[in-house]
There are 2 protein chains.
Amino acid sequence: MSRDLTIGRVAEAAGCKVQTVRYYEQIGLIPAPPRTSGNQRVYDETAVHRLTFIRHARELGFPLQAIRDLISLSDHPDQSCAAADGIAKAQLGEVNRRIQSLIALRHELEHMIEQCKGGKIKDCRVIEVLSDHTLCETDAHDAAAPMAQPPSAG
Amino acid sequence: MSRDLTIGRVAEAAGCKVQTVRYYEQIGLIPAPPRTSGNQRVYDETAVHRLTFIRHARELGFPLQAIRDLISLSDHPDQSCAAADGIAKAQLGEVNRRIQSLIALRHELEHMIEQCKGGKIKDCRVIEVLSDHTLCETDAHDAAAPMAQPPSAG
DNA sequence: CCTTGAACCTATAGTTACTGTAGCTCTTAT
DNA sequence: ATAAGAGCTACAGTAACTATAGGTTCAAGG
C-alpha cells in the first residue's frame with residue numbers, strides 16, 4: 001500500500017486527468033493535500049478513493065452538485081440514508097427519460113438512413129426530415145432533458 | 001403567410017430562444033438578416049425553416065459542427081447524398097452507444113436504490129457502490145462517449 | 001401627440017465540467 | 001551535472017447556450 005502519491009499517480013489510479021484533480025481541489029470537491037518542500041502535492045490512498053467515487057458518480061451522470069451533496073452526506077455516516085436514496089432516485093428518473101428520448105431519436109435516425117440510399121441531396125431524407133416540422137412527430141421533441149453532460153471517460 | 005417577422009416571432013415559431021437566434025447568427029449558422037430603419041432584425045419564413053432544421057438536428061444530438069456540415073451540404077443540392085448519410089450514420093452509432101451506457105447505468109442505480117431501504121448512511125449502498133471500485137464492474141465504465149451534450153429543449 | 005411597456009439592441013459575463021497552453025520549478029535518473 | 005519528465009500557477013479556450021445591464025425602438029392607449 002503506497003502512501004505519498006504524486007498527483008500523477010493519484011490521477012492514474014483514479015482514472016482521471018491531473019488537471020481534473022487540481023480542478024476538483026479548486027472547486028472544493030476534494031481537500032487540498034499537504035505539499036512537499038518543493039510545493040508539490042502529496043496524496044494518500046484516501047484521495048484515490050474519493051476521486052474514484054467522484055468518477056463513478058460522474059459516469060452515472062450525477063452532476064457535480066449532486067456529488068457534492070453525496071460527499072457531504074458520506075461525511076456524516078449516522079444520518080439517514082434517505083437523502084442519498086433520493087439523489088439516486090432523481091438520477092434514475094433522469095436516466096429513464098434519457099433512454100426514452102434516445103430510443104425515439106434512434107428510430108428517427110434509422111428512418112432517415114433507410115430513406116437515404118444513394119441519390120442526390122435534393123432528394124435526401126436526412127435533410128428533409130430535419131427541415132420539415134411535420135415529418136418528425138415522434139416523441140423526439142421532449143428529448144434532451146437538462147441533465148449533466150457525460151464526462152469523457154478517458 | 002407572414003413575411004417580416006421579428007426575432008421574437010421567429011424564435012417562437014422555431015421553438016428556440018431569442019438569444020439563441022442571435023447566437024446562431026453570431027457563429028454564422030444562419031445569415032444576418034436585413035434590419036429595419038431602427039436597427040431591428042427582419043426575418044422571413046426561410047429563417048424559421050432553417051432554425052427549425054437546426055433545432056431538430058440539435059434534438060437528435062448533432063453537434064453544431066455537424067449541423068454546419070449538413071447546412072453547407074443542403075446548400076449544394078446536386079452533390080451526392082452520401083455525406084449527409086454518413087453524418088446520420090455516425091450519429092446513430094453515438095445514439096446506440098449512449099443507449100447501451102444508460103441502460104447499464106440504470107441497472108446500477110436500481111441496484112443501489114434497492115439495497116438502500118431506510119437505514120444509516122454508513123450502511124448505505126449508494127455511497128458504497130460509488131466509493132468502491134470492485135462493486136461496480138458493469139459496463140458502466142465505458143459509458144459517456146464524447147458526444148454533444150443535449151440541448152435544453154426549451 | 002405623448003407616454004408607457006414590451007420587445008428589441010449590443011456587449012459582456014456566467015454556466016458546467018472540464019481541457020489546453022505558457023512559462024516556469026522540482027524531482028529523478030544517468 | 002545535466003536533462004527529461006512531471007509538477008506548479010495562472011489564464012484562455014471549449015460547447016452551446018443563458019443571463020444581465022443599460023440603452024433604443026415599436027405598437028397601443030389616452
Side-chain angles (χ1 to χ4, degrees), chain A residues 4-30 32-43 47 51 54-69 94 143-154, chain B residues 4-30 32-43 47 51 54-69 94 143-154:
Chain A
D4 285 14
L5 300 163
T6 64
I7 195 171
R9 301 288 187 181
V10 173
E12 196 186 0
C16 62
K17 303 210 169 166
V18 166
Q19 293 105 304
T20 307
V21 179
R22 287 197 282 248
Y23 170 70
Y24 286 163
E25 178 185 329
Q26 189 191 314
I27 64 170
L29 215 54
I30 58 174
R35 305 282 185 119
T36 65
S37 56
N39 201 35
Q40 299 196 350
R41 289 169 180 83
V42 183
Y43 296 92
L51 283 167
I54 295 168
R55 182 169 63 80
H56 286 177
R58 291 291 298 129
E59 281 168 357
L60 287 164
F62 290 76
L64 285 187
Q65 187 51 57
I67 297 172
R68 216 184 276 273
D69 295 346
E94 288 294 337
M147 184 179 140
Q149 85 249 48
S152 50
Chain B
D4 285 13
L5 300 164
T6 64
I7 194 170
R9 302 287 188 183
V10 172
E12 197 186 359
C16 62
K17 302 209 168 162
V18 166
Q19 294 106 301
T20 307
V21 179
R22 287 197 282 248
Y23 169 71
Y24 286 163
E25 177 185 329
Q26 190 190 315
I27 64 169
L29 214 55
I30 58 174
R35 304 282 185 119
T36 64
S37 55
N39 200 36
Q40 300 196 351
R41 290 170 180 83
V42 182
Y43 296 92
L51 283 167
I54 294 169
R55 182 170 63 80
H56 286 177
R58 291 290 298 127
E59 282 168 356
L60 287 165
F62 290 77
L64 285 185
Q65 187 51 56
I67 297 172
R68 216 185 276 274
D69 295 346
E94 288 294 338
M147 184 178 139
Q149 86 249 47
S152 51

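These numbers come from a predicted model, not from an experiment. Quick note on labels: first sequence line is chain A, next is B, and so on, each numbered from 1.
- The side chain of Thr20(B) places no N or O atom within less than 4.0 Å of a non-bridging phosphate oxygen (OP1 or OP2) of dA16(D).
- Atom-to-atom, CG of Leu51(B) to P of dA16(D) comes out at 16 Å; the value is rounded to the nearest Å.
- As rounded to whole Å, 16 Å separates atom C1' of dC17(D) from atom CZ of Arg55(B).
- Rounding to whole angstrom units, CD of residue Gln65(B) and C1' of dA15(D) are separated by 12 Å.
- The side-chain heavy atoms of Ile27(A) and Arg68(A), taken from C-beta on, include a pair separated by under 4.5 Å.
- Nucleotide dT10(C) holds its P atom 13 Å from the CD atom of Gln19(B), rounded to whole Å.
- Contacts between residues 35-42 of chain B and DNA chain C, counted as heavy-atom distances below 4.0 Å, involve Arg35(B), Asn39(B), Gln40(B), Arg41(B).
- Considering only side-chain N and O atoms, Tyr24(A) lies under 4.0 angstrom from the phosphate OP1 or OP2 of dC18(C).
- Here Ile7(B) lies in heavy-atom contact (under 4.0 Å) with sugar-phosphate atoms only.
- Following rounding to the nearest Å, Arg9(A) (CZ) and dG7(D) (C1') show an atom-to-atom distance of 13 Å.
- When each of Gln26(B) and Arg22(B) is assigned the nucleotide of DNA chain C with its nearest heavy atom, Arg22(B) is the one assigned upstream, toward the 5' end.
- We find that OH of Tyr23(B) is positioned 15 Å from P of dA19(D), with the value rounded to whole Å.
- Partner Val10(B) forms a side chain to side chain contact (heavy atoms under 4.5 Å, CB included) with one of Leu51(B), Val42(B), Val18(B) and no other, that one being Leu51(B).
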